[in-house]
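What's counted below: heavy atoms across the whole structure, side chains too, no hydrogens, waters or symmetry copies. Both ligands and their constituent atoms are indexed starting at 1 by order of listing.
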Amino acid sequence: MSVRLMVVLAVLTGVTGSPNVTMRPEDDSADMSAHPNSVPETMEQTDIAGQQEEEEPEEYVMATGELNPNHYPARRAAQVVQHYLNTRYGSPYRLFHVERVYSGNAEDVGDSGRKYQLEISVQETASNATEKCSADIFFPRGEQHSPEVQASCVELLKNDTKVQEEALYQQYKMNQTLLTAHHLPDSHGNMEPDMKPFWHLGIVASSFVMLGESTENTLYNMAQVANVTQLPTENDQLKFDYHILLHDMVSQEIIHWKLLFTWSPAEGVHMLKMDQLPHCHDCDKPPNTN
Ligand SMILES: *[C@@H]1O[C@H](CO)[C@@H](O)[C@H](O)[C@H]1NC(C)=O
Ligand SMILES: *[C@@H]1O[C@H](CO)[C@@H](O)[C@H](O)[C@H]1NC(C)=O
Ligand SMILES: *[C@@H]1O[C@H](CO)[C@@H](O)[C@H](O)[C@H]1NC(C)=O
Ligand SMILES: *[C@@H]1O[C@H](CO)[C@@H](O)[C@H](O)[C@H]1NC(C)=O
Ligand SMILES: *[C@@H]1O[C@H](CO)[C@@H](O)[C@H](O)[C@H]1NC(C)=O
């Protein structure tokens, strides 16, 4: 049992005086306290977690067949669907969040890769609408390829956010002062209400990175927009330089990316450049140029 879970149990026990606190298996805080690549007790190999430290990703024994919807293999694949939906349909007023995994299945597809089929519920955060969707995720073999996703969540696209998007676009297109902002949200989780669309835009842009970087063994979250700088509008597209911090849940590292992209209501987010910045212990090395 993890230290964090023990602390939670100890606190609950102290408060309620009841020694029989139960944790629901779908409880996020309990589940996330485990290592994202920890393998559930249903796996045949017992010391697989130890092996993972040493072996190449290709040699992982991945869960195959029916998946436990609360365990990481299904969760990681579901997170990829969230990134996919954000890159396709996200905007300053439309963001997608996987709420729940109902069921999942994984299988090898010859030597070419592995396919996951999931039943999930996805929430659109601005309207708070939720829909149950089916999704297929294909992870091609080889680290250099991004996963391919097919998902149909048509109900979530019905809420028309064009009016709000157009207003934001006009405000920042016309403004003589180009936007700059830092720390969205700040270390207390706060931000000015008028900065919220730019935080959302940072999440959408981050999903391009996270979709591209995802494999069966990764789990990323956007932690913070370190800063955002608006650049002069070009070809009717608002242009932004974002410095974002991603949380790699597997290594527990914070990774920095610099993203250059444009946005308009008509064209959506168009990514121009994504650069991962070196870790600070590598700060003297030249930045990764590929
Ligand atoms: C759990 O504790 C409550 C009181 O704190 C008690 O009423 C209940 O019977 C207990 N349940 C079990 C399964 O022990
Ligand atoms: C659409 O989304 C906006 C927020 O962006 C919300 O205020 C509104 O209630 C939503 N409409 C529907 C029908 O969900
Ligand atoms: C969002 O919807 C869920 C049910 O789908 C509801 O429990 C929750 O209170 C809603 N949140 C807001 C902010 O409306
Ligand atoms: C122009 O931008 C500045 C800084 O972002 C902001 O304070 C101001 O409200 C904007 N003006 C208009 C008319 O939107
Ligand atoms: C943005 O934030 C990063 C990380 O905190 C910092 O290194 C960089 O200098 C900042 N850039 C600007 C323009 O403030």
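Side chain of Glu124 to backbone of Leu95: a donor-acceptor contact under 3.5 angstrom is found. Distance alone, capped at 3.5 Å, is enough to place a donor-acceptor pair between the Gln252 side chain and the Met249 backbone.
For an aromatic pair to be called close, the ring centres must be under 6.0 Å apart, and Tyr84 with Phe208 fails this.
Closest protein heavy atom to atom 5 (O) of ligand 5: Ala226 CB, 4.2 Å. With hydrogens left out, the protein atom closest to atom 4 (C) of ligand 5 is His243 NE2, 3.5 Å, a heavy atom.
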Check the pair Tyr116, Asp136 against side-chain contact (heavy atoms from CB on, under 4.5 Å), reporting the backbone distance first and the verdict last. CA-CA 6 Å; Tyr116 286 67; Asp136 286 0; over 6 Å; no
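Close approach of ligand 5 to His182 is summarised as follows: ligand atoms under 4.0 Å from at least one heavy atom of the residue are 14 (O).
Within a 4.0 Å radius of atom 9 (O) of ligand 5, the protein contributes no heavy atom.
Contact annotation: the side chain of Glu213 approaches that of Trp257 to within less than 4.5 Å [non-hydrogen atoms, C-beta and beyond].
Below 3.5 Å of separation, one finds an N or O of Asn227 facing an N or O of ligand 5.
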